[in-house]
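What follows is a single structure, written as structure tokens, with notes after it.
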Amino acid sequence: GTPSVAGLLGSLQTLIHPDNIQVLGTQGTATGTLTEDLLNAALEQLWNDGADTSVIMGPGPTANTVSSWAHNGRTVQQPSSSTKLVAHVDIYEGPFGGPQTVVKNRVFQQDAVAILDPDNFALATLRGWNRKQLAVVGDSQEFQILSEQTLTAENRKRGFMFTNVG
């Protein structure tokens, strides 16, 4: 921004270095499939860049995709006394980095999956919380509660995003 024009805030994608954004499929109508090999290649790149990722975030279908990898010829051990069938994955552990928590996010970009190092991101307060009385109408009082905050990234190379995911 400038003194006469307010600054613009971007999405999570603007906080990730362009080298760490991979478009799957083709631009336009065709989408691509997120595979375990693609995920592990991204985790390796992040690990080489010094990131300590622990979150894979995306819309609901992301959990189904990761679960399909986990059940592809792998066995999940359950105690013999358990009557629970596990058909989903909450934690993915690949060859690079520690365990990754699979987070389903209803408001996340619907065609994207992000790999994040939570310690790299922080909430920045641009204007602290304040309360201002607006009007008195009869016996009621109306107030405005206002704050301005944004997400910041310490290092844009410590996150990765797949876009155009089908």
Side-chain angles (χ1 to χ4, degrees), residues 1-25 27-34 39 42-43 46 49-68 70 82-93 97-166:
T2 67
S4 60
V5 179
L8 297 176
L9 303 178
S11 66
L12 176 63
Q13 187 170 342
T14 63
L15 298 177
I16 296 175
H17 194 279
D19 290 347
N20 288 14
I21 297 174
Q22 183 172 351
V23 180
L24 302 182
Q27 293 285 17
T29 58
T31 58
T33 302
L34 179 62
L39 181 73
L43 288 169
L46 289 165
D49 287 339
D52 187 19
T53 61
S54 62
V55 173
I56 300 169
M57 182 181 293
T62 302
N64 292 336
T65 300
V66 175
S67 290
S68 72
S82 175
T83 57
K84 180 168 61 169
L85 171 65
V86 177
H88 67 90
V89 170
D90 292 325
I91 304 289
Y92 174 81
E93 190 159 356
Q100 310 291 319
T101 303
V102 180
V103 177
K104 298 177 288 278
N105 187 329
R106 287 185 178 94
V107 296
F108 198 71
Q109 184 178 331
Q110 292 300 301
D111 69 341
V113 174
I115 307 168
L116 305 171
D117 175 356
D119 293 337
N120 183 55
F121 296 93
L123 189 63
T125 300
L126 305 175
R127 182 169 32 166
W129 289 102
N130 62 53
R131 183 179 77 153
K132 178 180 176 185
Q133 186 170 1
L134 297 176
V136 175
V137 180
D139 287 343
S140 71
Q141 296 179 359
E142 295 186 18
F143 290 87
Q144 175 185 45
I145 300 173
L146 184 66
S147 175
E148 287 183 87
Q149 300 178 348
T150 189
L151 186 66
T152 62
E154 180 182 313
N155 181 343
R156 294 178 66 205
K157 292 284 245 176
R158 288 173 56 190
F160 197 98
M161 183 175 278
F162 294 99
T163 61
N164 207 36
V165 177

Rounded to the nearest 0.5 Å, how far apart are CG of Asn164 and CG of Leu34?
-> 12.0 Å
Under 4.5 Å between any side-chain heavy atoms of Arg158 and Phe121, yes or no?
-> no
Shortest non-hydrogen separation from Asn20 to Gly159 and the atoms involved = ND2-O, 2.9 Å
Mind listing the closest non-hydrogen atom pair of Ala42 and Ile115 along with its distance?
-> CB-CD1, 3.7 Å
First locate atom CG of Asn130, then atom CD1 of Ile145, and finally report the distance between them rounded to the nearest 0.5 Å.
-> 9.5 Å
Value for OG1 (Thr62) from CZ (Phe108), rounded to nearest 0.5 Å, stands at 8.0 Å
Side-chain donor or acceptor of Thr150 paired with backbone N/O of Ala124 under 3.5 Å = no
Reported CZ-to-CD distance for the pair Arg131 and Gln144, which is rounded to 0.5 angstrom = 12.0 Å
Side-chain touch Val103/Leu116, heavy atoms, less than 4.5 angstrom = no
For residues Ile21 and Gln13, determine if any side-chain heavy atom of one lies less than 4.5 Å from a side-chain heavy atom of the other.
-> yes
In terms of heavy-atom contacts, Ala112 and Pro59 come closest through O-CD, 3.2 Å
When every non-hydrogen atom of Ser147 is compared with those of Arg127, the smallest separation belongs to OG-O, 3.0 Å
Could you give the distance from CG (Asp49) to CG (Asn155), rounded to the nearest 0.5 Å?
-> 7.5 Å
Rounding to 0.5 Å, atoms CD1 (Ile56) and CD (Gln100) come to a distance of 5.0 Å
Is there a side-chain contact between Arg156 and Ile16, using heavy atoms and a 4.5 Å cut-off?
-> no
Are Leu15 and Leu151 side-chain neighbours, meaning at least one heavy-atom pair lies under 4.5 Å?
-> yes
Show your working on side chain to side chain contact (heavy atoms under 4.5 Å, CB included) between Ile91 and Thr101 and close with a plain yes or no.
-> CA-CA 5 Å; Ile91 304 289; Thr101 303; 3.7 Å; yes
May I ask you to decide whether Asp19 forms a salt bridge with Lys157, counting only side-chain N to carboxylate O separations under 4.0 Å?
-> yes
Can you name the closest pair of heavy atoms from Ala63 and Val102 and give their distance?
-> CA-CG1, 4.1 Å
